[in-house]
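Accompanying notes for the structure given below.
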Protein chains: 2
Amino acid sequence: MPKIGMEPLRRKALVDAALRAIADHGSLSVTMSDIARQAGVSPALAHHYFGSKEQLLVETVRSLLRQLRDDTVTALKAARTPREKLSVVIRVSFQADQFAPETIAAWLAFYAEAQRSEETRRFLVIYARRLRSNLLANLKRLCPPDAAGRIAEGAAAMIDGLYIRQSLKSAPINIEASIGLTEDYVTMQLRGIE
Amino acid sequence: MPKIGMEPLRRKALVDAALRAIADHGSLSVTMSDIARQAGVSPALAHHYFGSKEQLLVETVRSLLRQLRDDTVTALKAARTPREKLSVVIRVSFQADQFAPETIAAWLAFYAEAQRSEETRRFLVIYARRLRSNLLANLKRLCPPDAAGRIAEGAAAMIDGLYIRQSLKSAPINIEASIGLTEDYVTMQLRGIE
DNA sequence: TTTTGTTGATTGATCAGTCAATCAAAATTA
DNA sequence: TAATTTTGATTGACTGATCAATCAACAAAA
């Protein structure tokens, strides 16, 4: 069975397994054994490739972020006007796989972890900046810079807030309603500027 | 030293200590020893009064919630019109002690915990409902019910989102700016209705 | 033979939870 | 009032379980 070139495959399998394990368990206090079992390898192998649990977790949040960025870049290609691009950024944030309970649970766990892990915080800050700048760049073509900044901040907050609230699963706001609420905010704000 | 009637005092001291310990540590994986040390008693005593760590944590989130409710009720008494009351609800959410980094860290940790602890989730659902209904009741006097529902949902999401984003401490949105953003949303939405 | 992949076994640390024992105030009795 | 019993408060020491991390060893490929 042991063949050459396993490393990238194992790394990916372990990161994916970590994501699933975190989602199942609902927190980052999953064991390396859980993760390794999900990936079908021994716990020792996880340590072999990642050195420590912390590092595996960091790679996991990194992959979550990469996925979101790639989805955004792809979706953005299909949009032409600034207003369309704004809609795309909003829509991608609430996309099915981002809105899946497991994904939400993982994001939430990482937000909590960011209070302790400098590296995790750095990644989440990158996410926050990226969202803000994606919104800002397009808003600036539709309204004055100061208003653009304000609206970007508000829209980003609303997106994150809808996301968090979704994690409680009590008032199941669906995807379309979430998009609608955010779109509505942007539209009304822009209309108010004119 | 041992006197009668210590129980309520110890319970309160332990809950307060738990809150501080969670804030310091940035997560719920604090040890009973940490908490007990903060409270100046032995770990065994914490177990004696709460039975388990989970139960102590549940009491802690309960106390966080009670504080917020009391603050809201008090502040609401000073407001007369529905619009004033809306402002009060928004302002209390961003009140200094709610916005303190330690408090934010604790809320975040409990949100993550809610993925696993049924009881914790119940409390957070209560918080979400209370915020929604405080907003909704007043909005209904200012606009049609369906619009009121929508605006309440949006405002609640924005409040939670601003709160979460604060936890990253990267883009330090201050209290007044957060209030301004939320007020602006409500104002614009209401204006749009007329 | 060297390199890469892989694991079982083990270690050392950490922690929640338990328990028996102590101590001092309060209640009861003499 | 003095002697006693009871009760609540409190802890140190311990246990059992869990887990991250290590390591020596082996297997297959180069």
Side-chain angles (χ1 to χ4, degrees), chain A residues 1-61 109-110 112-113 116-120, chain B residues 1-61 109-110 112-113 116-120:
Chain A
M1 207 189 295
K3 267 203 271 191
I4 206 127
M6 280 286 105
E7 177 156 358
L9 300 182
R10 292 301 189 209
R11 292 186 87 98
K12 180 166 185 342
L14 282 164
V15 165
D16 289 351
L19 202 56
R20 244 174 306 143
I22 291 165
D24 286 351
H25 193 260
S27 98
L28 293 195
S29 63
V30 284
T31 68
M32 286 297 253
S33 300
D34 286 340
I35 297 172
R37 197 177 316 117
Q38 279 270 350
V41 299
S42 76
L45 196 66
H47 275 99
H48 174 65
Y49 283 127
F50 290 93
S52 73
K53 183 183 169 183
E54 168 143 19
Q55 206 47 46
L56 169 52
L57 258 27
V58 165
E59 293 299 323
T60 306
V61 72
F110 282 119
E113 174 72 4
R116 290 186 296 150
S117 156
E118 183 55 43
E119 211 167 352
T120 302
Chain B
M1 211 194 290
K3 266 204 272 194
I4 208 134
M6 279 288 106
E7 177 157 358
L9 300 182
R10 292 304 189 205
R11 292 185 86 98
K12 178 166 186 342
L14 282 164
V15 165
D16 289 351
L19 202 57
R20 243 174 306 143
I22 291 165
D24 286 352
H25 194 259
S27 97
L28 294 195
S29 62
V30 284
T31 68
M32 286 297 255
S33 300
D34 286 340
I35 296 172
R37 198 175 319 118
Q38 279 269 351
V41 299
S42 76
L45 195 66
H47 275 101
H48 174 64
Y49 283 129
F50 289 92
S52 72
K53 182 182 169 185
E54 167 143 19
Q55 206 45 46
L56 170 51
L57 258 27
V58 165
E59 292 300 323
T60 305
V61 71
F110 282 119
E113 175 71 4
R116 288 188 297 149
S117 157
E118 182 55 42
E119 211 167 352
T120 302

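Scope of the values below: all heavy atoms of this structure, side chains included, with no hydrogens, waters or symmetry mates. These figures come from a predicted structure and were not determined experimentally. Protein chains get the first letters and strands the later ones, always in sequence-line order, with residue 1 at the start of each.
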Picking from [options], which would you name as closest to the side chain of [X]?
X	options	answer
A:S42	D:dA9, D:dT11, C:dG8	C:dG8
A:H47	C:dT18, D:dT22, C:dT6	D:dT22
B:K53	D:dT10, C:dA16, C:dT6	C:dA16
A:S52	C:dT7, D:dA21, D:dT10	D:dA21
A:A44	C:dT6, C:dT18, D:dT22	D:dT22
B:T31	D:dC19, D:dA9, C:dC15	C:dC15

Measure the [atom1]-[atom2] distance between [X] and [Y] for me, rounded to the nearest 0.5 Å.
X	Y	atom1	atom2	result
B:S42	B:M32	OG	CE	10.5 Å
A:Y49	A:L56	OH	CG	13.5 Å
A:I35	A:D24	CD1	CG	11.0 Å

Are any of the side-chain nitrogens in B:R20 or B:D16 under 4.0 Å away from the carboxylate oxygens of its partner?
-> no
Check your understanding: Looking for any heavy atom pair under 4.0 Å, which part of the strands does B:Y49 touch: base, sugar-phosphate only, or nothing?
Key -> sugar-phosphate
Item to check | B:P43 or B:E7, whichever maps to the more 5' nucleotide of DNA chain D | outcome: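 The answer here is B:E7.
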- Respond yes when some side-chain nitrogen or oxygen of B:R10 is under 4.0 Å from OP1 or OP2 of D:dT10, and no when none is. yes
